[in-house]
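See structure below.
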Amino acid sequence: MKYSALLFLALLAACSCSQPATPDNAPLVFVGTYTGDLGFVQGKAEGIYTCRLDTATGALTVVDTARGIRNPSFLTLSADKKKLYAVAENGGKPGEPYGSVVAYRISPSGRLEKINEQPSYGAAPCHIALDAGGQVALVANYATGNVASYRINPDGSLSDSLCRVQHPGKSPWAHMILPMPGRTGRVVAVDKGADQLFVYALENGKLRRLDSLRLPAGAGPRHLDFHPSDPTLAVVICENNSTLVSVRFDAQGLHPQALYTQTTLPPDFQGKNTCADVHIHPGGQLVYGSNRGHNSIAVFGLDAASGRLQPLGHTPTQGETPRNFLITPKGNLLLVANQNTGNVATFRINTKTGQLLPTGLVRAIPTPVCLKM
């Protein structure tokens, strides 16, 4: 097994080195990573990696690294693509109760220039998003099960926290918070420990809870994505029971109801698995979810009218522990971050069948977690 692992790593390195050159004007992809030992992961990265993606070939080239931030596990971009915001997944220790939230300016070359940093007011911040107007940053703190909001100042810097809201329950683990598309002042938070989705009003930068949806006990809802053309429809991926759930909201973004549930695993799989990320294809008829353990991307058809999910198969991710992944805006490429094998693999998407075809291009990046284009 030792020699097999070494051979595998050598093959990955060879794939990374043999990729074709990426044009200097190719789109930027930022990679959030783990840089330290957090118990569940041995972080080996140096910070946030700036890459360029050749959308014709799928080649990914690292062009810069922003150091000086520990465990920048999740990232988000401003609408004009000139600012980047990152969580630093730390805290929960004596003398270091909180993680932090960091604002960056993106130079024309893709270099990240730090603007400022604020406490996350919770331990292990694991997700960050901007509200629909791009004026408020929203943060989910995993270990303490709370969410926080920050004003984004005119220069892109973050204010101190405007509010902090504790999720209910014995062991809340807030895992995601994001605005609802098409509904000003509506936000949804996904809590893995409470097995709930929480709907919030965002008023003057402050969060007020309005509604919730309880999923089966132990399901562990982790991430959610909204349909690109129907803002009443979303799909939730559940970490603990490896399921995908379609959810319908009303026109006001309230009264969420679970519609259909499908397993993310093939029927003959017997090993351990936890799910991580979910995305609906820009075309609106396909859904993709990542399996950690089975080490695959699960593919589903989606009927937007009914919310029905149809399993279409699985594709190995060419690495272990796939975390976040991205689908390019035109919907022709999918890139997946394989945390434990330290690589980002590129696939072509067959938009008719939904199937993923490996490009053969695998870029070595240490303990990658999050990809933002």
Side-chain angles (χ1 to χ4, degrees), residues 175-183 186-199 210-269 273-294 296-315 322 324-325 327 331 334 336 349-356:
H175 217 302
M176 187 182 207
I177 184 167
L178 75 167
M180 293 186 180
R183 303 183 190 91
R186 285 285 186 272
V187 170
V188 62
V190 184
D191 194 295
K192 190 183 97 173
D195 291 315
Q196 292 186 72
L197 310 183
F198 296 107
V199 178
L210 298 174
D211 209 343
S212 65
L213 168 65
R214 186 177 296 276
L215 293 174
R222 178 185 173 98
H223 273 209
L224 172 151
D225 195 23
F226 282 95
H227 193 276
S229 59
D230 182 356
T232 70
L233 180 64
V235 178
V236 181
I237 197 162
C238 296
E239 177 176 335
N240 294 339
N241 70 355
S242 299
T243 60
L244 208 62
V245 183
S246 59
V247 174
R248 181 78 70 186
F249 297 81
D250 68 13
Q252 288 72 46
L254 299 172
H255 307 299
Q257 300 291 325
L259 302 175
Y260 292 93
T261 300
Q262 288 282 3
T263 179
T264 65
L265 295 168
D268 59 348
F269 181 73
N273 187 77
T274 58
C275 289
D277 195 17
V278 62
H279 291 286
I280 301 176
H281 187 272
Q285 296 179 328
L286 299 166
V287 183
Y288 297 87
S290 56
N291 282 312
R292 301 176 295 178
H294 190 242
S296 66
I297 299 293
V299 188
F300 298 84
L302 174 64
D303 178 68
S306 65
R308 188 180 296 274
L309 296 158
Q310 177 187 0
L312 297 177
H314 301 80
T315 300
N324 186 231
F325 60 95
I327 299 171
L334 184 148
V336 59
I349 300 174
N350 183 323
T351 56
K352 293 182 179 180
T353 67
Q355 298 306 307
L356 301 176

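- Between V236 and P221, the shortest heavy-atom distance links the atoms CG1-CB, 3.8 Å.
- How far CD1 of I297 is from OG of S290: 5.0 Å, rounded to the nearest 0.5 Å.
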| message | What verdict does the side chain to side chain contact (heavy atoms under 4.5 Å, CB included) test give for L254 and V199, after you've listed the backbone C-alpha separation in whole Å, the side-chain angles of each residue and the deciding distance to 0.1 Å? | response | CA-CA 7 Å; L254 299 172; V199 178; 3.9 Å; yes

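- For S212 (side chain) and F198 (main-chain N/O), no donor-acceptor pair under 3.5 Å exists by modelled atom type.
- The nearest pair of heavy atoms linking V245 to A258 is CG1-CB, 4.0 Å.
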| task | Quick one: do M176 and K192 satisfy side chain to side chain contact (heavy atoms under 4.5 Å, CB included)? Show the steps, please. | result | CA-CA 9 Å; M176 187 182 207; K192 190 183 97 173; over 6 Å; no

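- Atom-to-atom distance recorded for F300:CZ and L309:CG is 7.0 Å, nearest 0.5 angstrom.
- With hydrogens and angles disregarded, a donor-acceptor distance shorter than 3.5 Å links the side chain of Y288 to the backbone of G354.
- A 4.5 Å side-chain heavy-atom check between H281 and V287 finds every atom pair outside the cut-off.
- Between L178 and V188, the closest side-chain pair of non-hydrogen atoms falls below 4.5 Å.
- Between R292 and T274, some side-chain heavy-atom pair lies under the 4.5 Å cut-off.
- Side-chain contact between P228 and P282: absent, with no pair of heavy atoms (C-beta onward) separated by less than 4.5 Å.
- Judged purely by atom type and a 3.5 angstrom limit, R248 has no side-chain atom pairing as donor or acceptor with the backbone of L259.
- Here the NE2-OG1 distance, from H227 to T232, works out to 9.0 Å after rounding to the nearest 0.5 Å.
- Ring centroid separation for the pair F249 and F226 comes in under the 6.0 Å cut-off.
- Screening L286, I349, L312 against Q355 for a side-chain contact (heavy atoms from CB on, under 4.5 Å) leaves a single residue, L312.
- Between N291 and the options P322, P266, C275, a side-chain contact (heavy atoms from CB on, under 4.5 Å) holds for only C275.
- One finds the CG atom of D195 at 7.0 Å from the CG atom of L215 (value rounded to the nearest 0.5 Å).
- Taking CD1 of I327 as the reference point, atom NE2 of H279 lies at 6.5 Å (rounded to 0.5 Å).
- Remark: side-chain polar atoms of D191 are not paired, donor with acceptor, to backbone N or O of Q196 under 3.5 angstrom.
- Contact annotation: the side chain of R222 never approaches that of N240 to less than 4.5 Å [non-hydrogen atoms, C-beta and beyond].
- No side-chain donor-acceptor contact under 3.5 Å links Q262 to the backbone of L244.
- For the atom pair NE2 (H314) and CG (L265), the distance works out to 6.0 Å, reported to the nearest 0.5 Å.
- By the 4.5 Å heavy-atom criterion applied to side chains, R183 and Q252 are not counted as neighbours.
- Judged by distance alone, with hydrogens and angles left aside, the side-chain atoms of D277 form a donor-acceptor pair with the main-chain N or O of F325 at under 3.5 Å.
- The aromatic rings of H294 and F269 sit perpendicular, their planes meeting at an angle over 60°, well past the 30° parallel limit.
- L233 and S246 make their closest contact through CD1-CB, 4.4 Å (heavy atoms, listed as atom of the first residue, atom of the second, distance).
- Although no hydrogens or angles enter the test, the distance criterion places a donor-acceptor pair under 3.5 Å between the side chain of D225 and the main chain of I280.
- V247 approaches P256 most closely through the heavy-atom pair CG1-CB, 3.9 Å.
- Looking at S306, its side chain does come within 3.5 Å of a backbone N or O of R308 through a donor-acceptor pair.
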